[in-house]
Amino acid sequence: MMKRVAWLASLLLLVVTLHACLSHAHSNSTAESLALLDWKANLQSLTNRSVLPSWTISPRNAEASPCSWFGVHCKGDSVYRINLTTYGIKGTLHGFPFSSLPNLEELDLSMNGLFGTIPPQINQLSNLTYLDLSYNQLSGKIPPQIGQLIHLRTLHLVQNLLNSSIPEEIGQLKSLEELALQNNYLNGSIPSSLVNLANLAYLYMLNNSLSGNIPSEIGSLSSLQELYIDNNQLTGSIPPTFGSLKHLRLLYLSTNSLSGSIPSEFGHMESLNELALFKNNLSGFIPRSLGNLTDLTILQLYENKLFGPIPEELGNLKLLVFLEVSQNQLNGSIPSSFANLSNLETLFLRDNQLSGPIPQEIGNFMKMWMLELDGNQFTGQLPQNICRGGTLEYFIANDNHFRGPIPKDLKNCSSLKRVRLERNRLTVNISEDFGVYPSLEFISLSDNDFYGEISPQWALCNNLSSLQIARNNITGRIPPELGNSAQLRALDLSSNHLVGEIPKELTKLTSLTRLILSGNQLSGGIPMEVGSFSQLEYLDLSANRLSQSIPETIGDMLKLYYLNLSSNNFSLGIPPQIGKLVQVNELDLSHNVLSGEIPTQIQSLQSLSTLNLSYNNLSGSITIFNELRGLVHVNIEHNELQGPIPDIPAFQNAPIQALEGNKGLCGNVSGLKPCKLSKNGHHKLLYAIMFPLLGAAILLIVILALYFSFKSRGKHADEESESSLISASLFAISSFDGKLLYSEIISATNNFDSSCCIGKGGYGNVYRVELSSGDIVAVKKVHPLRADEVRAAKEFQNEVMACIEIRHRNIVKFYGFCWSAEQSFLVYKYLEKGSLATNLSNEEAGKELDWEKRVNIIKGVAHALSYLHNDCSPPIVHRDLSSNNVLLDAEFEAHVSDFGTAKLLNPDSSNWTNLAGTYGYVAPELAYTMKVSEKCDVYSFGVLTMEVIMGAHPGDLISTLPSSSLEMRLLVKDVLDQRPLPPSADVQDKLESVMEIAFMCLAENPHSRPTMYAISQLLAR
């Protein structure tokens, strides 16, 4: 009986205990559910779906477990894992129930829309082993409390907005095996406390702003397998202690500012597969010990200052797939041991001082797909079996001293995409030794000794966009079949011995932007169908034997900016249709037998800066050139022209040699007879004086009315502005007194004597004026009014009305203006460094313009244009953005200037206008629509951006922008201005991003271009 009672008591105790445990489990589960639901209530969705719909508790079952919810995993009834990666939630972590999830081991919230800071309460997840918050918008610093998660093995905080330094407390995570902090804005130095992470195998800190030296203690992380610290601002030398990292497979230290030599101890890292040290300031020899790294597959040392020979020992790296040592100062020959690199796919040796012959064994590399040898001093023959494996796509060997034949198997190398062999001494029959290449996009064979005739088979290269065979010994005719090359955009066959007529079939090449056939023996006329070249921008047919008349259809090539028909036998007159080529900047019709008068339509060529009509039989007056105020260089010698020369700088400053041989010319220029005034001339002089005075008075009334209208409406009010009207028609803005200012300017410039001039332009000349107050101003004196007084007055009015209302740090500050019959000028703040164009064209100034300054200049211009387009009412389109119209102050801050052609956009009009702008910067759609929009400035900004990065106007490069990311990388590497020191790590990526923005701005379709506001925001990041 007693035993039965004891047994029943035990059973009762067990039931009570079990009930208590179950109740406790339900209690924990319910607490976790409610805590997670509280966090969910503060979340939003990045999509249209509801937020975590499965996270709910039924009213009938208030104690439901969260273990069945999406992304929640349990052990027993307690949550141990939450995985919501890529679910599309938006919110912060401040409501996350850290204290309510004591058993949580894994937390993955990556690829969502989380923002705000990482709360210090994260240390309450004491059992956490895995934490991934990557690809969100978390900001602020990494909380030092994260160092208390002592069980953490994986920590991923990739691609957020985290800043500040990496906390030293990271070194307390002694169980950590993987640390990924890349793609943030972390700064400061790398903490030496990392030495405590004995289990660390993967360390990623690339794409931040980390600075200082690399701690030598990293060499003590004996478990390390992958180390990425590239794309930072690290300085100093590479620690030799890295040689102790016996298990390291991947080492990326590229795109920093590391200096010194490559440690010879690197040869001890026997497990290394990939080594990237490119884009630093490393110097010295390439260590021979690298030949010990027999597992190495990738070796990238380019864009450093390494010198000396390439060590023979690199031939031991038989597994090597990618080798790039370009853009260093290496010399000597290619080691013969390279014959052992049978797995090599990519070999970049460009832009060094290497010489001697190329080992013929390189042609045996069966997997080679990219070979760059350009920019060296190689001699001898090219490898004869370069395409043996049938994989070669890029073969670049230009700018060397190669002689003899091209590789034998190049004829059948169907994989080729890009070939550059120009500027060598290669000698082959071009009609026999090249084949059909279905993938070929670009080939340049210029400046060699190729002979034979051009094969019609080039037309079978269906993807060919550029064919360049200039300056060789090519004979025969141009094959009409080339007209079937639908993708062709550039064709250069100049300076050969071609004969016959220009095939009219070429006019089917409607994508062609450049056609250069100069320096041959072509005969006949220009095909009447030439107007079909609707995309053509550059046409050079000079130095041939072409005859007949210039066809009227030449006026249909509306995108043309360069036209050279000189040194031929063209006869009859200049066709009036040439006036339709409103984008032409350079026009050369010299050394022909053209006759008759110059058509008046030529005054429409407002973009024209260089004109050569010399050595023809042209007659009549040249007063029509008074309209071409943008003209800079002119040559009309040896014609039959007569009358006064135009009163514009291009003629007034021209050497007498450019005007001689015309018996009837006169003017106030040394070497010409003065012009005589007839009675009619006296009347004309009287009209010339009275009409400008009348026009000035009318314009002044209009300006005053507009000004007071603007002032009364109070737009863009500025308390510092003290605009007032004073005598001499001068608006005084700021603290200047108008009358005194007028007198001082006239006196200081000696009535605008040429000796005081600091710049000249088609619209006016600029003078530096130091006032008695000590202030220095820049005065733009407008050219005197003549036949084009209405247009000039409009330009003056545009500039005044635009500048009165503008207030922006990146737009030149406007002080006032004077409009009178005697003098008309505008007064601006003087900017010490002058124009951007002047700085870029000067060798020393180009060096002083480092990459950080250049990026800031681009940003400044973008902010200015964004302000004009978005913050002015109505919006203002500049229309003439160029490097001449961007001024720099003493700190190299950019200021946009010259609003003479600016246009206020009226939303109720279609904004049709006459063409304005500087050649090379004008958006292509203006040639055929004449419709102004903000996207015209966007295009000009794209050109300007490339000019700043290249150090010179991009010219023809605009028409051959890259179509792939690889081509873009190659292009950016090619075009960077070499005068400044190499860009630092943080600027290098920025330059590539800026170039990408420039490419978007240059889209042919204006609707495909981004807005200046979007560009300004992108650059501000």
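Atoms considered below: every heavy atom in the structure, side chains included; atoms not considered: hydrogens, waters and symmetry mates.
Annotation: side chain of Leu152 is not in contact with side chain of Tyr130 (no heavy-atom distance under 4.5 Å). Side-chain contact between His247 and Met269 is absent, with no heavy-atom pair separated by less than 4.5 Å. Contact check for Leu109 versus Leu93: side-chain heavy atoms found under the 4.5 Å cut-off.
Closest heavy-atom contact between Leu319 and Thr294: CD1-O, 3.6 Å. Taking each heavy atom of Asn232 and Leu210 in turn, the nearest pair found is OD1-N, 3.0 Å. For the residue pair Ser1016 and Ala862, the shortest heavy atom distance occurs at CB-O, 4.2 Å. Between Ile262 and Phe266, the shortest heavy-atom distance links the atoms CG2-CD2, 4.0 Å. Nearest heavy-atom pair across Leu245 and Gly219 is CD2-O, 3.6 Å. Of all non-hydrogen atoms in Ser33 and Trp69, the two that sit nearest each other are O-CH2, 3.6 Å.
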(request) Carefully, step by step, assess Ser110 and Thr85 under the rule side chain to side chain donor-acceptor pair (under 3.5 Å). (result) CA-CA 5 Å; Ser110 60; Thr85 182; 2.9 Å; yes
(request) Go through Asn231 and Thr255 one step at a time and tell me if the side chain to side chain donor-acceptor pair (under 3.5 Å) criterion holds. (result) CA-CA 5 Å; Asn231 281 341; Thr255 317; 3.2 Å; yes
(request) Kindly determine whether Thr129 and Glu106 satisfy side chain to side chain donor-acceptor pair (under 3.5 Å), including the steps that lead there. (result) CA-CA 6 Å; Thr129 62; Glu106 299 180 18; 4.9 Å; no
(request) Report the C-alpha separation of Leu991 and Leu976 in whole Å, then their side-chain angles, then the decisive distance to 0.1 Å, and conclude whether the side chain to side chain contact (heavy atoms under 4.5 Å, CB included) test is met. (result) CA-CA 9 Å; Leu991 287 176; Leu976 281 183; 4.1 Å; yes
(request) List the steps and the verdict of side chain to side chain donor-acceptor pair (under 3.5 Å) for Asn123 and Gln148. (result) CA-CA 6 Å; Asn123 64 348; Gln148 298 173 26; 2.9 Å; yes
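Listed by first then second residue, pairs satisfying salt bridge (charged side-chain N to carboxylate O under 4.0 Å, His left out) with a partner in residues 187-213 number zero, not counting sequence neighbours. Each salt bridge (charged side-chain N to carboxylate O under 4.0 Å, His left out) pair with one or both residues in residues 199-214, not counting sequence neighbours, would appear here, but there are none. For residues 240-249, the salt bridge (charged side-chain N to carboxylate O under 4.0 Å, His left out) pairs, not counting sequence neighbours, are Glu226-Arg249. The salt bridge (charged side-chain N to carboxylate O under 4.0 Å, His left out) analysis of residues 196-220, with sequence neighbours excluded, yields no pairs.
None of Leu161, Leu114, Leu162 except one satisfies the side chain to side chain contact (heavy atoms under 4.5 Å, CB included) rule with Asn136; the exception is Leu114.
Rounding to the nearest 0.5 Å places CG of Asn112 at 7.0 Å from CG of Leu46. A distance of 8.0 Å separates CG in Leu179 from NE2 in His156, rounded to the nearest 0.5 Å. From Thr1011, atom OG1 reaches atom CG of Asn870 across 6.5 Å, with rounding to the nearest 0.5 Å.
In this structure, a donor-acceptor pair under 3.5 Å is absent between the side chains of Ser209 and Asn187. Inspection of the Gln172 and Asn196 side chains reveals no N or O donor paired with an N or O acceptor under 3.5 Å. No donor-acceptor contact under 3.5 angstrom links the side chains of Ser100 and Glu32, judged on distance only.
Looking at residues two or more places apart in sequence or on another chain, you find no salt bridge (charged side-chain N to carboxylate O under 4.0 Å, His left out) involving Glu169. Shown here are the side chain to side chain donor-acceptor pair (under 3.5 Å) partners of His94, two or more places apart in sequence or in another chain: Thr117. Applying the salt bridge (charged side-chain N to carboxylate O under 4.0 Å, His left out) test to Glu178 and every residue at least two apart in sequence or in another chain returns nothing. Under the salt bridge (charged side-chain N to carboxylate O under 4.0 Å, His left out) criterion, Glu105 pairs with Lys75, sequence neighbours left out. Listed by chain and residue number, nothing satisfies the salt bridge (charged side-chain N to carboxylate O under 4.0 Å, His left out) test with Arg153 (two or more places apart in sequence, or in another chain). For Phe70, the ring-ring contact (aromatic ring centres under 6.0 Å, His included) partners at least two apart in sequence or on another chain are Tyr87. Annotation: side chain to side chain donor-acceptor pair (under 3.5 Å) contacts of Ser289 (sequence neighbours excluded): none. Partners of Phe98 under the ring-ring contact (aromatic ring centres under 6.0 Å, His included) rule, at least two apart in sequence or in another chain, are Phe96.
With a 6.0 Å radius and a threshold of 12 heavy atoms from other residues, nucleotides or ligands, Glu852 has its CD atom at or below the threshold.
Ring planes of Trp55 and Trp39: tilted class, angle from 30 to 60°. Using cut-offs of 30° and 60° for the angle between ring planes, the His73 and Tyr80 rings count as perpendicular.
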